[in-house]
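Below, read A as the first sequence line, B as the second, and so on, with proteins coming before strands; counting in each chain starts at 1. As a basis for the values below, the full set of heavy atoms in this structure was taken, side chains included, without hydrogen atoms, waters or symmetry mates.
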Amino acid sequence: LGASCDWTRLRFTLDEGLSRAVRTVFVSLYNDGLIYRDVAMVNWCPFCRTAISDVEVEYRDRNDKLYQIHYPVADSDRQLTVATTRPETMLGDTALAVHPDDERYKDLIGREAILPIANRRIPIVADPILVDMSFGTGVVKVTPSHDKNDYEAGLRNNLAQMPVIDETGKMTAAAGSDFEGLDRFDARKKVLEQLRELDALGDVKDYQHSVGVHGKCDTIIEPMLSRQWFVKIEPLAKPAIEVVRNGEIQIIPQTWEATYFNWMENIRDWTISRQLWWGHRIPAFYCDNGHMTVAIEDPSSCPTCGSANITQETDVLDTWFSSGLWPFSTMGWPDKTPDLETFYPTDVLITGFDILFFWVARMIMLGLRFTNSVPFSQVFLNGLVRDEHGQKMSKTKGNVIDPLDVIDEFGADALRFTLAIFATGRDIPLAKSRVQGYGAFANKIWNASRFAMMHLDTQLKDAGSIDRDALGTVERWILSRLNETTRDVNKSLSAFRFDEASNAIYHFFWHEFCDWYIEMVKPVLLGKHGSDTDRKQAKRVLLEVLDRSLRLLHPFMPFITDEIWLKLGGVEPSVMVAPYPVAEDVLEDAEADSMIDAVTSMITTVRNVRVERGFTPKDRFKLYVTTSNEREAASFNDYAYLLIELARLTDVIVNTAAPEGAHHDVVAGFAIAIEFPPREVTKEQLEKTQRELEKSRKELAALDAKLANEQFVNNAPTAVVQQAQARQIELRERIAKLEQNQ
RNA sequence: AGGCUCUUAGCUCAGUUGGUUAGAGCGCCACCUUGACACGGUGGAGGUCAGCGGUUCGAGUCCGCUAGAGCCUACCA
């Protein structure tokens with residue numbers, strides 16, 4: 001794609017330097033009490049056999065069943081009914097809970113229920129936090145070992161822990177001999193069978209809910225109690241919220257700031273230990289006397305008791321822990337290196353919104369903590385590339401587009417340009433047809449440059465400066481247009497509007513430079529019109545426009561622009577290091593703009609009439625132009641060759657009445673008439689003229705009403721009123737002319 | 001459940017603080033091989049701006065409601 005990387009600064013997560021940064025940060029946070037080791041409910045992946053953090057859990061909507069289970073109340077003929085989507089967990093139930101204010105069950109609080117299948121007695125407790133009286137039956141089964149909420153309810157009510165699922169997702173011995181060793185989902189089936197036999201199974205309903213899975217392997221998460229390492233995150237989050245709030249860090253597009261705040265303000269402690277093979281090993285050391293040491297350097301003996309029998313923690317760190325240090329760890333931190341001095345803090349972080357929490361937030365928190373500075377001042381979040389109908393690409397759907405295939409087919413420039421031209425911060429529905437279209441643009445650039453180089457006889461570095469005062473209107477116009485394009489492109493780039501920027505240069509190059517300017521200079525370059533000096537000027541400007549256009553285009557289409565630019569022979573060794581163009585006021589030329597605007601509008605009108613009247617390009621017309629301004633009249637005489645060439649005319653006649661039967665119109669404020677060979681007018685053409693007239697009359701009527709409204713005239717900005725008035729006059733003239741055609 | 005975003009041409013999307021006749025690419029129709037390019041040129045067709053209501057001299061743009069789509073976060077036994 002033409003990404004420009006400094007490969008001399010390649011870094012690998014497990015490099016010596018980065019490992020030292022990781023250890024330094026870990027020990028510092030530990031010593032400050034911000035890293036702790038504790039037994040807690042964590043998200044456990046039974047497939048990967050590791051704990052994962054909250055952000056690594058993805059929620060999937062699933063259609064499951066909701067099962068009702070009847071629990072007899074001990075020493076009574078009553079029974080309590082609970083609902084669950086996970087019947088297998090009942091084997092680990094250690095209580096039933098009801099709401100303390102629930103009249104239906106008040107008398108049962110403190111008594112016991114009998115767990116079906118296991119035939120265990122479990123207490124009936126009151127818990128106003130866990131139980132919502134109005135939901136379901138108002139009775140909840142409590143499984144403190146396999147559910148986060150139940151775990152907390154267990155702590156509140158002094159309930160026993162009873163793990164029935166192990167770290168591989170299989171049932172433990174505690175689940176009973178019928179179930180031990182069974183996978184949790186097979187156990188579910190068997191539990192249901194047995195409940196049915198015992199007549200303890202109630203209603204079974206279809207139920208849609210979301211289920212947490214491990215983002216990496218799609219395995220359903222098992223909440224489990226285990227000993228893990230955590231980062232106490234709130235003290236880190238607070239300053240990270242502040243720097244975004246006060247603008248030290250700007251998130252683009254800004255709407256993501258709300259999402260950032262929402263998450264950061266409700267953030268929960270970060271589980272950083274993983275039971276995996278690969279990663280930074282946690283720098284904690286245990287001796288055989290049970291002492292723990294956390295240190296940057298491996299200790300050879302226990303600092304507490306001197307025992308030489310010491311082993312390192314086998315858990316590794318969440319990969320995002322080291323990634324969070326990336327902006328400064330890659331530059332040599334904790335040493336005060338020249339790189340760190342020069343490049344830190346960085347300017348812009350470009351990434352996808354999908355790792356805003358995983359990575360961006362952690363870099364901000366850790367950066368602030370360890371460097372006393374924001375790691376970057378702007379975060380640009382680009383959209384996700386989707387298929388052409390906006391669907392997320394997935395192997396199962398078969399709608400994955402491989403960038404390498406696209407590059408092979410249409411070129412890296414075409415793909416890069418396509419990715420740029422979508423609006424900032426929105427997802428990118430990538431259609432091959434779109435890439436193909438911009439591939440055609442690359443082809444257009446190539447061909448236009450080929451044409452230019454056919455006529456150029458000097459290298460860019462030898463071209464010399466342009467004598468602006470000597471330039472003709474066409475040259476002044478294209479430089480003026482290029483200048484405005486340059487202004488737009490720069491403005492858009494600084495606002496991260498890559499879509500606007502790429503669109504502006506695309507439009508200029510194809511539809512102004514190629515479609516109009518090149519066609520306009522052809523008569524001069526081919527020696528059909530103008531002097532040698534004119535030809536020299538035209539070539540110089542052609543080179544200038546090409547040079548600046550290529551530089552403007554280079555960030556969007558790096559390969560083709562460099563290839564062509566090298567052929568033009570600039571001073572710099574590559575367009576990559578050539579200065580990016582900036583707008584210069586002196587190039588603006590309103591007079592040339594309006595003159596060429598009039599000429600191009602007239603050409604378009606003639607072409608339109610030619611098609612409408614059923615003529616072909618071989619049929620040549622005469623054009624009559626009326627103006628009371630002598631300067632303009634002279635210009636039309638000077639530039640008659642443009643009209644003649646591009647509109648395929650025989651003559652341009654200024655300030656002379658057109659003969660009977662000519663087509664009259666008003667274009668860019670000028671009354672014109674087109675004289676063509678006699679030909680019978682078809683019914684369609686008459687109808688078309690009629691429609692055109694009606695359209696203009698309708699618009700005029702609306703405009704008249706608008707201008708008659710005092711409220712509008714008094715309140716609207718003068719420019720708007722003036723525009724409306726000018727349009728009114730033009731429409732009146734136009735209608736008069738069109739009526740003449742009938 | 002809460003938050004954010006979106007709904008504009010057949011398709012995919014622009015449309016900046018409200019203000020001329022709502023734009024682009026692809027697709028479609030007609031004509032054209034004209035001295036860079038048919039991956040091209042020229043001209044054209046196609047839109048009650050999701051719906052309803054409001055504010056305003058004026059609404060695609062601001063406000064409210066409704067319907068639909070997507071995303072993020074949390075999680076309900």
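For C39(B) and C26(B), the P atoms lie 13 Å apart once the distance is rounded to whole Å. Straight-line distance between the C1' atoms of U33(B) and C49(B): roughly 40 Å, to the nearest whole Å. A36(B) and C71(B) have their C1' atoms separated by 46 Å, given to the nearest Å. Taking atom C1' in both U20(B) and G60(B), the straight-line distance is 16 Å, to the nearest Å. Taking atom C1' on both G23(B) and C76(B), the two are 48 Å apart, rounded to the nearest angstrom. Going from the C1' atom of A1(B) to that of G18(B) covers 36 Å, rounded to whole Å. For the P atoms, the distance from U17(B) to G25(B) is 24 Å, rounded to whole Å. The P atoms of C62(B) and G19(B) are separated by 10 Å, rounded to the nearest whole Å.
With G25(B), C32(B), G15(B) as the candidates, the nucleotide lying closest to the side chain of R497(A) is G15(B). Taking the side chain of R607(A) as heavy atoms from C-beta on, and the options G25(B), G40(B), G43(B), the nearest nucleotide is G43(B). Closest to the side chain of A716(A), from the set A36(B), G19(B), C71(B), is G19(B). The listed nucleotides are G43(B), A36(B), C32(B); the one nearest the side chain of N447(A) is A36(B). Between C32(B), A36(B), G19(B), one nucleotide has an atom nearer to the side chain of C514(A) than all others, and that is A36(B). With distances taken from any side-chain atom of S210(A) to the nucleotides C75(B), A36(B), G41(B), the minimum falls on C75(B).
The residue Y260(A) sits apart from the nucleic acid: no heavy atom pair falls under 4.0 Å. Nucleic acid contact for A448(A): base, since at least one base atom lies under 4.0 Å from a heavy atom of the residue. L356(A) comes within 4.0 angstrom of no nucleic acid atom, judged by non-hydrogen atoms across all strands. No engagement by M453(A) is indicated, since no non-hydrogen atom pair under 4.0 Å with the nucleic acid exists. Among the protein residues, N714(A) comes within range of no part of the nucleic acid, since none of its heavy atoms lies under 4.0 Å from any strand. Within the 4.0 angstrom heavy-atom criterion, no nucleotide atom of any strand lies near D150(A). Counting non-hydrogen atoms under 4.0 angstrom, V131(A) reaches a base of the nucleic acid.
In summary, K522(A) and E519(A) engage in a salt bridge, as defined by a charged side-chain N under 4.0 Å from a carboxylate O. One finds no salt bridge joining K205(A) and D203(A) here, because no Lys/Arg side-chain nitrogen approaches an Asp/Glu carboxylate oxygen to under 4.0 Å.
For the pair R362(A) and F357(A), the cation does not sit on the ring face, since its NZ or CZ is not both under 6.0 Å from the ring centre and inside 45° of the axis. Both tests do not hold together for K444(A) against Y438(A): distance to the six-membered ring centre under 6.0 Å, angle to the ring axis within 45°. Judged by a 6.0 Å distance limit and a 45° cone about the ring axis, K706(A) is positioned over the six-membered ring of F712(A).
When rounded to the nearest whole Å, the span between CZ of F451(A) and P of C39(B) equals 20 Å. In this entry the distance linking CZ of F621(A) with P of G43(B) reads 14 Å, nearest Å. To the nearest angstrom, P of G19(B) lies 15 Å from CG of N715(A). Taking atom CG of residue D704(A) and atom C1' of nucleotide G58(B), one finds them 17 Å apart after rounding to whole Å. For the pair I428(A) CD1 and A14(B) P, the computed distance is 11 Å after rounding to whole Å. Whole-Å rounding puts the L525(A) CG to A36(B) P distance at 10 Å. Taking atom CG of residue N443(A) and atom C1' of nucleotide C39(B), one finds them 5 Å apart after rounding to whole Å. Summarising the geometry, the separation between CG on N262(A) and C1' on C72(B) is reported as 8 Å, rounded to the nearest angstrom.
Within residues 81-97 of chain A, the residues that place at least one heavy atom under 4.0 Å from RNA chain B are, in residue-number order, A83(A), T84(A).
Considering only side-chain N and O atoms, R620(A) lies nowhere under 4.0 angstrom from the phosphate OP1 or OP2 of U34(B). An OP1 or OP2 oxygen of C37(B) is reached within less than 4.0 angstrom by no side-chain nitrogen or oxygen of K522(A). For the OP1/OP2 pair of C75(B) and a distance below 4.0 Å, the side-chain nitrogens and oxygens of R268(A) include at least one atom meeting the criterion. Residue T604(A) has a polar side-chain atom (N or O) positioned under 4.0 Å from OP1 or OP2 of G43(B). Between W510(A) and G41(B) there is a side-chain N or O to OP1 or OP2 distance below 4.0 Å. Applying the 4.0 Å criterion to OP1 and OP2 of U42(B), one finds that N608(A) has every side-chain N and O outside that range. Applying the 4.0 Å criterion to OP1 and OP2 of G25(B), one finds that H511(A) has a side-chain N or O inside that range. Of the side-chain N and O atoms in K444(A), one or more sit less than 4.0 angstrom from OP1 or OP2 of G41(B). Remark: Y59(A) is in phosphate contact with C75(B), judged by side-chain N or O atoms under 4.0 Å from OP1 or OP2.
A perpendicular orientation is assigned to the rings of Y506(A) and H511(A), their planes being inclined by more than 60° (bins at 30° and 60°). Taking the six-membered ring where tryptophan is involved, the planes of F496(A) and F498(A) are perpendicular, since the angle between them exceeds 60° and thus also 30°. Ring orientation note: the planes of W256(A) and F353(A) are close to parallel, at an angle under 30° on the 30°/60° scale.
Comparing W263(A) and F615(A), the nucleotide of RNA chain B nearest to each residue sits closer to the 5' end for F615(A).
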Quiz prompt | Base-pair map of RNA chain B as dot-bracket, where | denotes pairing with a different strand and pairs are Watson-Crick or G-U under 3.5 Å | solution = (((((((..((((.....[...)))).(((((.......))))).....(((((..]....))))))))))))....
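Using a 4.5 Å cut-off on side-chain heavy atoms (C-beta onward), L430(A) and L419(A) make contact. Using a 4.5 Å heavy-atom cutoff, the side chains of R648(A) and R610(A) are in contact. Side chains of I445(A) and I564(A) form a contact here, defined as non-hydrogen atoms less than 4.5 Å apart.
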Practice problem: Check the pair Q79(A) / Y71(A) against side chain to side chain contact (heavy atoms under 4.5 Å, CB included), numbers first and verdict last. | Solution: CA-CA 5 Å; Q79(A) 64 174 21; Y71(A) 290 59; over 6 Å; no
Self-check item: Test log, rule salt bridge (Lys or Arg N to Asp or Glu O under 4.0 Å), inputs E409(A) and K432(A)
Solution: CA-CA 10 Å; E409(A) 201 172 347; K432(A) 276 198 173 183; 3.1 Å; yes
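Residue side chain E519(A) reaches the base of A36(B) through a donor-acceptor N/O pair under 3.5 Å, judged by distance alone. One cannot find a donor-acceptor pair under 3.5 Å joining the base of C32(B) and the side-chain atoms of T616(A).
Here the side chain of D413(A) pairs a donor or acceptor atom with the backbone of I560(A) at under 3.5 angstrom.
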